[in-house]
Amino acid sequence: MTDSEEEFLTIGAFARSSGLTPSALRFYDDCALLVPAFIDAKSGYRYYTRAQAKRANIIRQLREIGMSLDKVASALDGDGAAAVDIVDRHVDELAARARAAAEAAVSIRRLFDEKYCTATVSAAEFASAVEQVASAAGTSEEFPVLRGVLVEVDGALSPSLRRIGIDCPPEVSLRSARPAPLGLELRRSAHSGR
């Protein structure tokens, strides 16, 4: 070591002060992200200085938000503005993935729990929405797929229905036809004249 041994912290002491584990410090040494200030040639012990604590803290925090090692290295090697830009882009990517996961979870929940398959819509709104697609349904055994209407509740009108001009309430999306469950048939209302 050097004459001023009190400047150096053992890997264990530095790990405790930085919030990183000794194995993580060894790994970051191998990756050249956080190289010890001194390595004893005989014992192989790694020693760090307090001045390295800031870098260790940055690495720990970036890894805690799921940043990859190559992005961590880029953030550490760049200037402050570039590092902030890397962090901002990473957070934007995380937010996009979180939104996609939340959207996927809606469909996944429906597979596990029946309460996610139901919604409350006024009778008038529902009747209006069904009436708009009733002409596409039929009772023919030749085309069983047209014997019912699939109603998906998702809070937004599907783009394909917007294109053909169907005006549904925002609580109901009528996306596609399918066979009616348990042999039930969609009957046209007598008052509609159809």
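What's counted below: heavy atoms across the whole structure, side chains too, no hydrogens, waters or symmetry copies.
Note: the hydrophobic cluster containing Val84 does not contain Leu62 (ILVMFWY, side chain heavy atoms under 4.5 Å, direct or indirect links).
Rounded to the nearest 0.5 angstrom, Leu34 CG and Phe14 CZ are separated by 5.5 Å. For the atom pair CG of Asp70 and SG of Cys31, the computed distance is 10.5 Å after rounding to the nearest 0.5 Å. If you take CD on Glu103 and CD1 on Ile108, they are separated by 11.5 Å, rounding to the nearest 0.5 Å. Atoms CE and CD, on Met67 and Gln61 in that order, are 11.5 Å from each other to the nearest 0.5 Å. We find the CZ-CG distance between Phe27 and Leu20 to be 12.0 Å, quoted to the nearest 0.5 Å. Atom CG of Leu94 sits about 10.5 Å away from atom CZ of Arg99, to the nearest 0.5 Å.
Ion pairing between a basic and an acidic side chain is recognised when a charged N comes within 4.0 Å of a carboxylate O; Arg60 and Glu64 show such pairing. A salt bridge links Asp85 with Arg89: the distance from a Lys NZ or Arg NE/NH1/NH2 to an Asp or Glu carboxylate oxygen falls below 4.0 Å.
Between Ile86 and Ala75, the shortest heavy-atom distance links the atoms CD1-N, 3.6 Å. Heavy-atom minimum distance, Gly44 versus Ile39: O-CG2, 3.8 Å. Here the closest heavy-atom approach between residue Leu9 and residue Ser17 is recorded as CD1-OG, 4.4 Å. Nearest heavy-atom pair, Leu33 versus Arg55, reported as atom, atom and distance to 0.1 Å: O-NE, 2.6 Å.
A donor-acceptor contact shorter than 3.5 Å links the side chain of Gln52 to the backbone of Val35. Side-chain atoms of His90 never come within 3.5 Å of backbone atoms of Ser68 as a donor-acceptor pair (strictly under, hydrogens ignored). Within the 3.5 Å criterion, the main-chain N or O of Leu25 finds no donor-acceptor partner in the side chain of Arg46.
At least one side-chain heavy atom of Tyr48 sits less than 4.5 Å from a side-chain heavy atom of Pro36. For the pair Ile59/Tyr28, a side-chain contact is recorded, criterion being any heavy-atom separation below 4.5 Å from C-beta on. In this structure, Phe8 and Thr49 have side chains that are in contact, with non-hydrogen atoms separated by less than 4.5 Å. The side-chain heavy atoms of Tyr45 and Thr10, taken from C-beta on, include no pair separated by under 4.5 Å. Counting only heavy atoms from C-beta outward, the side chains of Val87 and Lys71 never approach each other to under 4.5 Å.
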Pair Arg26, Ile11 - check side chain to side chain contact (heavy atoms under 4.5 Å, CB included), show working.
CA-CA 9 Å; Arg26 288 185 200 94; Ile11 192 169; 3.9 Å; yes

